[in-house]
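One structure is given below, encoded as structure tokens.
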Amino acid sequence: MELIQTDAYRWEIPKTGNMNVPARIYASDAIMEAVKKEETFRQLVNVASLPGIVGRAMAMPDIHWGYGFPIGGVAAFDMDSGVISPGGVGYDINCGVRLAALRLEEKEIRPHLEDLVVALQKDIPSGVGTTGMVKLSLKDLKKVMKQGSPWAVSHGFGRDTDTGRTEEGGCMDNADPADVSDRAMDRGKNQLGTLGSGNHFMEIGVVDTVYDPIAARVFGLAEKQVTLMIHTGSRGLGHQICDDFLGRMTKKAHKTGMVLPDRQLACMPLRSAEAQAYYRAMACAANFAWANRHILLHMAEEVFMHTLGISPRDLAMRMVYDVCHNIAKTETHLIDGEKRRVCVHRKGATRAFGPGHPDLDPIFRDTGQPILIPGDMGTASYVLAGTQKAMEETFGSTCHGAGRVMSRKAAKKAAKGRSLQQEMEKKGVLVRAAGRGTMAEEMPEAYKDVTEVVNVVHGSGISKKVAKLRPIAVIKG
DNA sequence: ATGTTC
């Protein structure tokens, strides 16, 4: 397959064979060396060959192999001729990141850090299959799926000001629990307020560097300040919804006459009843995930208050933002000078709407939206801002993290005989993990350098660096 | 990612 470097950060795969559009990868030379794999790029080319795809199939610098679509992939589809694909969203629907900032500085919490981590691990249910404090009746679960974060606010979690600092206000329209299977609801009903496993975590960090003081101020970030980052999604509920619709679409897709290059790309025309049912069910999982992160932040705030023995006023925990990085959304974009409604799939990719976008809260009018990029557990996380360039080039999208370079299996092998916990503590990061294998699977060397990834999206102009966060403590699932 | 092979 032909790969043409067009500038320092952009690589094109020209339209050939069954491709309906060309493909583009955002990468530096070093990132290209790390991500260049025939099977991953084949996945991107497969996406470019799906019906009704608009513009380009795109991969962010954190691209790696995924189910059907690559992770780090962005693709937009025409509402009339295009498709929606559960594999283009991912198993963890609305996997995302929430960031809050405290009034405290590192020196004020260092003496209590061990106590904080122990308390967080005790009070925040984490690991596979765990259930939470919030047990929902079927009726209430349906309300959560319909209302998202606002449900959590109305039930005493967090503050209503938080929803303006959440993508979509923490609630996607069109969610309809009637499209969610009983099995999915059964899996989700006791999982609100749980962290999950794998790369999901809660991280205490410190604002290490501010690159853009004006945007940082609008986002509520200042140097030395302590931050809390939460990375999790829709748990078993979203997983089951993905599974249900992959099965349903796999059965039905061949009846449409579509020829798919990979069965994992199971999809249906956006106009079909099946596609619209998936969209409504996906929105339910997305809303559940926003309520989940909302409740988790509230629980963490309580842990901080109890452990440090201070009032909410002195803790002054405030939301920075909450982003979603596994989703498909109907959005309006300017394409070849024409405003069009398209269905944008972001799989391991983050929305990056620029200044003045009407969907953003007015507080972000001049800065563009905050973008939260978690790194691996030992390195750094970044806060970026959306740009006009992203609106023009990537349907308002950017990367979502460091991106794996090692498979989970390879990471476990490389970790044999090492104490990762001690290695992390030497770096000044206190880590506690619920699962035995998680530390190995998630070790820093299993990921690309997040700084390299962020430099690509900054250098290419599809995002702008605002601040760098240094982790000091992490709890993992 | 995931009641990690209903």
Side-chain angles (χ1 to χ4, degrees), chain A residues 43 62-73 85-98 125-132 135-136 141 180-202 230-248 250-251 264 266 278 281-282 284-286 288-290 292-293 296 323-328 345-350 374 376-377 400-404 406-413 415 433-442 446-447 475-477:
Chain A
Q43 289 192 315
D62 48 346
I63 182 178
H64 58 105
W65 192 88
Y67 184 94
F69 282 56
I71 294 160
S85 172
V89 170
Y91 268 93
D92 190 7
I93 297 165
N94 191 2
C95 187
V97 185
R98 176 170 292 230
S126 55
V128 176
T130 46
T131 55
K135 307 269 198 260
L136 297 169
L141 174 62
V180 177
S181 70
D182 291 344
R183 193 169 169 198
M185 289 194 279
D186 191 55
R187 286 180 70 173
K189 68 179 192 285
N190 295 330
Q191 288 190 319
L192 205 57
T194 67
L195 193 60
S197 181
N199 64 1
H200 290 167
F201 64 78
M202 202 177 273
I230 297 169
H231 181 200
T232 185
S234 52
R235 313 285 289 104
L237 177 81
H239 189 275
Q240 190 61 47
I241 289 169
C242 180
D243 224 27
D244 289 341
F245 279 90
L246 279 171
R248 285 164 62 166
T250 302
K251 273 190 197 161
Q264 293 188 349
Y278 171 68
M282 178 202 69
C284 285
F288 181 90
W290 273 310
N292 190 33
R293 289 195 290 274
L296 284 168
V323 298
C324 164
H325 53 228
N326 275 8
I327 200 76
H345 291 56
R346 297 189 184 94
K347 182 189 192 179
T350 314
D376 65 75
M377 60 185 168
H400 87 304
R404 297 196 80 89
M406 247 185 233
S407 69
R408 291 177 189 276
K409 201 175 160 186
K412 273 184 174 164
K413 198 175 160 190
R436 287 192 142 263
T438 312
M439 283 284 282
E441 288 176 2
E442 297 298 319
Y447 284 87
I475 67 159
K476 303 231 16 123

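The sequence lines fix the lettering, A, B, ..., with proteins before strands; numbering per chain opens at 1.
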*Calculate the interatomic distance between Asp244(A) atom CG and dT2(B) atom P; express it in whole Å.*
16 Å
*Gap between atoms NZ and C1', on Lys412(A) and dT4(B) respectively (whole Å)*: 9 Å
*Partners of Asp62(A) by side chain to side chain donor-acceptor pair (under 3.5 Å), sequence neighbours excluded?*
His400(A)
_Length of the line joining His239(A):NE2 and dT4(B):C1', which is rounded to integer Å_ = 8 Å
*asked:* Under 4.0 Å, heavy atoms only, any strand: does Ser197(A) hit a base, just the sugar-phosphate, or nothing?
replied: sugar-phosphate
*Would you tell me if any nitrogen or oxygen in the side chain of Arg235(A) comes within less than 4.0 Å of OP1 or OP2 on dT2(B)?*
yes
*Using a cut-off of 4.0 Å on non-hydrogen atoms, how would the nucleic acid contact of Gly198(A) be classed: base, sugar-phosphate, or nothing?*
sugar-phosphate
*Min side-chain heavy-atom separation Leu246(A)-Tyr91(A) under 4.5 Å*: yes
*Give the rounded distance in Å between these two atoms: CD of Gln191(A) and P of dT2(B).*
8 Å
_Euclidean distance, atom CG of residue Asn94(A) to atom C1' of dT2(B) [Å, nearest integer]_ = 16 Å
*Could you check whether Gly90(A) gets within reach of a base, just the sugar-phosphate, or nothing at all, counting any heavy atom under 4.0 Å?*
nothing
*Closer to the 5' end of DNA chain B via nearest nucleotide, is it Arg404(A) or Glu441(A)?*
Arg404(A)
*For Ala440(A), side-chain contact (heavy atoms from CB on, under 4.5 Å) partners two or more places apart*: Lys412(A), Ala415(A), Leu420(A)
*When the distance from CG of Asp243(A) to C1' of dC6(B) is rounded to whole Å, what number comes out?*
10 Å
_Could you check whether any side-chain heavy atom of Ser126(A) comes within less than 4.5 Å of a side-chain heavy atom of His200(A), counting everything from C-beta outward?_
no
*asked:* Tell me the interatomic distance from Asn292(A), atom CG, to dT2(B), atom P, rounded to whole angstroms.
replied: 10 Å
*Residue whose nearest DNA chain B nucleotide is more 5′ - Gln240(A) or Arg183(A)*: Gln240(A)
*Can you check the Phe245(A) CZ to dT2(B) C1' distance for me, whole Å?*
18 Å
_Between Glu442(A) and Arg408(A), does any NZ, NE, NH1 or NH2 come within less than 4.0 Å of an OD or OE carboxylate oxygen?_
yes
